[in-house]
Amino acid sequence: MSFPRVLAPVLLALGALWMSGCAPKTTDSSTLRIGEFASLTGKEAAFGQSSHKGTLLAIEELNAAGGVLGKKIELLSEDNQSKPGESATIAKKLIARDKVVALLGEVASSRSLEAAPVAQAAKIPMVSPASTNPKVTETGDYIFRVCFIDPFQGTALAKFAQSHLKARRVAVLTSVSSAYSVGLSKYFHEQFLQDGGVIVADQKYSESDKDFNAQLTAIRAAAPEAIFVPGYYTEVALIARQARALGLTVPLFGGDGWEAPELLTIGGDAVEGCFYSTHYSPDTPTEAVQTFVKKFRAKFSGETPDAMAALGYDSALVLADAIRRAGSLDPAKIRDALATTHGFEGVTGRTDIDAHRNASKPAVILEVKNGKFAFVESVAP
Ligand code: PHE
């Protein structure tokens with residue numbers, strides 16, 4: 001029997017698809033598969049690259065020590081290119097095609113929020129290293145994180161503005177297309193107003209915007225003592241430059257989304273004397289942090305690990321610890337073990353998973369000083 005001619009190209013195309021890796025990978029029962037989705041390229045590549053490197057280092061160490069439950073960990077990493085709309089598809093692929101027992105990801109809250117319903121519906125545990133928006137773990141009982149959440153970060157920043165910056169009149173510039181920015185802005189507002197502060201200008205932008213002159217002109221007219229920008233480094237660096245060009249000299253400050261080398265390389269002088277909160281500082285003199293920094297530098301040609309690298313590292317270790325305690329690769333059992341994580345000492349501090357599947361950890365505030373990130377203070381949870 002021969003196939004109708006018209007079908008031949010279709011069959012060829014299907015064959016090519018199969019060969020190109022869309023086929024299920026053969027299951028090797030000697031390994032344990034963990035899926036990772038990250039922004040390895042695109043607008044927030046610094047986030048994905050860092051968390052991925054931290055995760056890789058953790059998995060390399062776990063495997064060198066014999067793996068988990070007698071199996072080597074196989075990390076399947078997928079790039080969502082920092083784009084909206086990719087993470088749910090990737091999560092589906094990792095779960096259905098690759099049969100991962102758990103997912104690690106993402107840094108950005110909006111992208112974690114896209115994948116979380118997929119993981120929840122499939123009952124596959126997902127651990128976000130760094131997403132701080134509360135809604136991420138509210139998606140359901142299979143969704144965890146190993147970092148603090150934005151009600152804490154927003155409160156810490158509001159208090160910092162008044163105590164350290166002595167700013168009572170603040171302007172806010174929020175990205176309306178980022179769940180992270182909207183949430184952090186809201187929690188900041190609540191605490192800052194409660195403490196008697198005044199928001200003299202409340203301006204908005206969207207992810208990937210490049211021209212902030214209209215918003216900054218309105219902000220300049222309101223004469224704030226500081227400008228709060230709860231955004232990601234790509235836009236923050238441009239906002240800082242355009243603010244300085246308009247003659248705004250007051251400090252800018254923001255949250256963990258500022259953290260990337262690009263803040264300094266693109267922001268340059270414009271970000272000098274600006275402040276942001278984050279999860280960890282490589283200068284922390286504890287043995288755990290210093291050993292991690294040394295190992296990371298050795299593996300990644302001298303690069304100093306930032307907060308995402310540290311959280312990526314801790315997220316993999318917390319997950320491996322849960323799998324070990326579960327004594328099984330059954331995702332439901334891994335979920336239960338994650339939920340009872342208590343006193344896990346990592347490089348970002350101690351992880352205790354609470355009833356809402358969040359971790360409560362200190363924040364650190366850093367200042368851009370002489371083109372570097374300098375430690376200012378630590379804020380207890
Ligand atoms: N907390 C940010 C978010 O939820 C992501 C982030 C974490 C960015 C840590 C930098 C460092 O979107």
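Just so you know, ligand 1 is whichever comes first in the structure, and atom 1 is the first atom listed for that ligand. Values reported hereafter were calculated over all heavy atoms of this structure, with side chains retained and with hydrogens, waters and symmetry mates removed. Quantities reported herein were computed from a predicted structural model and do not represent experimental measurements.
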Practice task
Only pairs at least two apart or in different chains count here, so list each ring-ring contact (aromatic ring centres under 6.0 Å, His included) that has a residue in residues 329-364.
Solution key: none

Problem - Distance (rounded to the nearest 0.5 Å) between Leu264 CG and Asp269 CG - result: 11.0 Å

Exercise for the section: Please answer whether the main-chain N or O of Val176 pairs with a side-chain N or O of Thr174 as donor and acceptor at a distance below 3.5 Å. Expected result: no

Handout entry: side chain to side chain donor-acceptor pair (under 3.5 Å) assessment of Thr41 paired with Asp79
Key = CA-CA 7 Å; Thr41 60; Asp79 177 20; 2.6 Å; yes

Handout entry: Sidechain N-carboxylate O distance under 4.0 Å for Glu86, Arg111
Key = no

Handout entry: Euclidean distance, Ile90 CD1 relative to Glu106 CD, rounded to 0.5 Å
Key = 9.0 Å

Pairwise, report which nitrogen or oxygen atoms of ligand 1 are under 3.5 angstrom from protein nitrogen or oxygen atoms, and how far apart they are.
{"from": "ligand 1", "atom 1": "1 (N)", "to": "Ala130", "atom 2": "O", "distance (Å)": "3.0"}
{"from": "ligand 1", "atom 1": "1 (N)", "to": "Thr132", "atom 2": "OG1", "distance (Å)": "2.8"}
{"from": "ligand 1", "atom 1": "1 (N)", "to": "Asp256", "atom 2": "OD1", "distance (Å)": "3.3"}
{"from": "ligand 1", "atom 1": "1 (N)", "to": "Asp256", "atom 2": "OD2", "distance (Å)": "2.7"}
{"from": "ligand 1", "atom 1": "4 (O)", "to": "Ser109", "atom 2": "N", "distance (Å)": "3.4"}
{"from": "ligand 1", "atom 1": "4 (O)", "to": "Ser109", "atom 2": "OG", "distance (Å)": "2.5"}
{"from": "ligand 1", "atom 1": "4 (O)", "to": "Thr132", "atom 2": "N", "distance (Å)": "2.9"}
{"from": "ligand 1", "atom 1": "4 (O)", "to": "Thr132", "atom 2": "OG1", "distance (Å)": "3.2"}
{"from": "ligand 1", "atom 1": "12 (O)", "to": "Ser109", "atom 2": "N", "distance (Å)": "2.9"}
{"from": "ligand 1", "atom 1": "12 (O)", "to": "Ser109", "atom 2": "OG", "distance (Å)": "3.4"}
{"from": "ligand 1", "atom 1": "12 (O)", "to": "Tyr232", "atom 2": "OH", "distance (Å)": "2.5"}

